Protein chains: 2
Amino acid sequence: MERGALEAKVVERKQRARRVGATGPQGGARALAAEEADLFDLGGLETTTGYVMRRAQMAIFGDFLARFAELDLKPAQFATLQLIAANPGQNQSAIGAALGILRPNFVALLDELERRGLARREKSDADRRSHAVTLTDAGQSLLQRARAAQAAQEQRIREILGEEARESLIALSTRLWRGLS
Amino acid sequence: MERGALEAKVVERKQRARRVGATGPQGGARALAAEEADLFDLGGLETTTGYVMRRAQMAIFGDFLARFAELDLKPAQFATLQLIAANPGQNQSAIGAALGILRPNFVALLDELERRGLARREKSDADRRSHAVTLTDAGQSLLQRARAAQAAQEQRIREILGEEARESLIALSTRLWRGLS
DNA sequence: TATTGTTATACTCTATAACTATA
DNA sequence: TATAGTTATAGAGTATAACAATA
């Protein structure tokens with residue numbers, strides 16, 4: 001096969017892949033389309049709480065990534081900005097722990113936010129081992145835009161479920177999380 | 001520091017790590033304990049559908065891993081066994097697709113189930129490219145035990161939420177997944 | 001040409017060990 | 001000795017490209 005044809009083929013595959021695996025790279029598996037799953041008998045999985053919640057959660061994740069692509073924010077970054085904004089001056093480890101992020105893994109996440117000028121670490125005077133974390137003005141204003149994007153996602157969910165059911169889903173998820181913790 | 005003391009310290013750390021990060025290695029982050037998150041103002045995250053669902057889903061995941069450790073089954077393996085049992089003789093790619101697992105990644109998963117004598121691949125006569133997948137007797141009987149473990153988890157959820165709320169959570173998650181697909 | 005199964009590979013997220021500087 | 005932040009590293013899970021066999 002000659003050069004031109006091969007390259008064309010590669011480009012075509014990339015495009016198809018982009019269409020099919022539309023969720024893109026993240027922590028979870030790609031969002032499962034209902035059309036694919038509906039062709040099969042799920043054999044009980046459809047009444048398994050963990051399975052159906054995972055499926056839904058990954059669909060939300062995929063939707064989130066599309067909405068936040070423009071802001072270049074991943075879910076963990078958005079959550080981090082929210083938590084810093086609500087608890088300015090807290091330790092970096094404390095912020096990470098509240099999000100369930102292990103200390104070593106939180107370093108790079110914060111490095112990136114700092115590199116982008118969104119967050120700031122300052123050595124604490126009281127305990128010079130710890131770093132007090134705050135948002136910069138740029139961080140504040142990006143968070144404003146992120147909150148708008150998040151509100152839009154919540155609105156989409158409201159349109160799918162209705163407001164009462166949406167609140168119910170949040171309440172049930174929270175109760176279950178507490179019960180299992 | 002001498003040898004003995006260092007080794008003792010290492011062992012101690014391992015034990016602590018096992019206690020704290022009790023969820024073990026998986027696809028998601030470790031389960032977030034309510035006690036840690038409750039120390040902070042979540043800044044709106046607590047009414048964000050995606051965030052609260054992820055938190056709950058990861059708690060279920062952690063509980064699942066503990067229950068299934070004895071059977072040596074991870075969620076994806078359990079789901080695969082369920083789907084094969086309900087759709088015996090299907091293509092390996094079709095089974096994988098119904099679970100949202102990409103074809104290349106499903107190969108190793110099936111390899112492992114086959115290695116353990118739980119599933120079997122057979123070349124199809126109709127289309128000799130494709131592999132029809134079925135469960136072995138050992139696979140069937142492990143699946144029986146796995147279903148019992150799964151029923152126990154569902155019972156735990158029932159105890160936390162009540163049966164009506166549990167069914168509601170499943171229905172809402174499914175509706176949301178379909179709506180976002 | 002297209003599809004099934006496969007291999008190889010890269011990237012992200014998560015987990016553990018161990019270091020440093022402070023306490 | 002213990003803790004906060006860090007580095008290095010290993011392991012899952014997921015994604016893409018490419019190939020052989022078959023259609």
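Remember, predicted model here, so these are calculated numbers, not experimental data. Reminder, nothing fancy here: chain letters follow the sequence lines and each chain counts from 1.
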field: Side-chain N,O (K74(A)) to OP1/OP2 (dC13(C)) below 4.0 Å
entry: yes
- prompt: In whole Å, what is the span from the CG atom of L110(A) to the P atom of dT6(D)?
  reply: 8 Å
Exercise: do Q140(B) and Q144(B) side chains pair donor with acceptor under 3.5 Å: no
Whole angstrom value for the distance that separates P of dG13(D) from CD of E112(B): 11 Å
- prompt: Under 4.0 Å: is that the gap between some side-chain N or O of R121(B) and OP1 or OP2 of dT6(C)?
  reply: yes
task: Check the distance between dT6(D)'s P and I101(A)'s CD1 and give it to me in whole angstrom.
output: 14 Å
- line: Picking from dT22(D), dG5(D), dT6(C), the nucleotide nearest the side-chain atoms of R103(B) would be dT6(C)
- request: Check every strand shown and say whether D127(A) touches a base, only sugar-phosphate, or nothing at a heavy-atom separation below 4.0 Å.
  value: sugar-phosphate
- line: Taking for P104(B) and for S93(A) the nucleotide of DNA chain D with the nearest heavy atom, the one nearer the 5' end belongs to S93(A)
task: Could you say whether N91(B) or D125(A) is positioned toward the 5' end of DNA chain C, judged by the nucleotide with the nearest heavy atom to each?
output: N91(B)
message: Tell me the interatomic distance from N105(A), atom CG, to dA15(C), atom C1', rounded to whole angstroms.
response: 7 Å
Gap separating the CD atom of E122(B) from the NE2 atom of H131(B), nearest 0.5 angstrom: 10.5 Å
query: Are R67(A) and D63(A) within salt-bridge range, i.e. N to O under 4.0 Å?
result: yes
query: Without hydrogens or angle criteria, can the side chains of Q82(B) and R147(B) be said to hold a donor-acceptor pair below 3.5 Å?
result: yes
5'-most by nearest nucleotide on DNA chain C - K123(A) or V107(B): V107(B)
message: Expressed as a whole number of angstroms, how long is the span from L102(A):CG to dG5(D):P?
response: 14 Å
- request: Select from R129(A) and F106(A) the residue whose nearest nucleotide in DNA chain D is closer to the 5' end of that strand.
  value: R129(A)
task: Rounded off to whole Å, could you give me the CE-to-C1' distance for the M58(B) and dC13(C) pair?
output: 11 Å
field: Distance in angstrom units between Q92(B) CD and dT3(C) P, rounded
entry: 17 Å
query: Whole-Å distance between dG13(D) C1' and F61(A) CZ?
result: 13 Å
field: Side-chain-base donor-acceptor pair under 3.5 Å for R128(A) and dT22(C)
entry: no
message: Could you check whether R156(A) pairs with E159(A) (Lys NZ or Arg NE/NH1/NH2 to Asp/Glu carboxylate O, under 4.0 Å)?
response: no
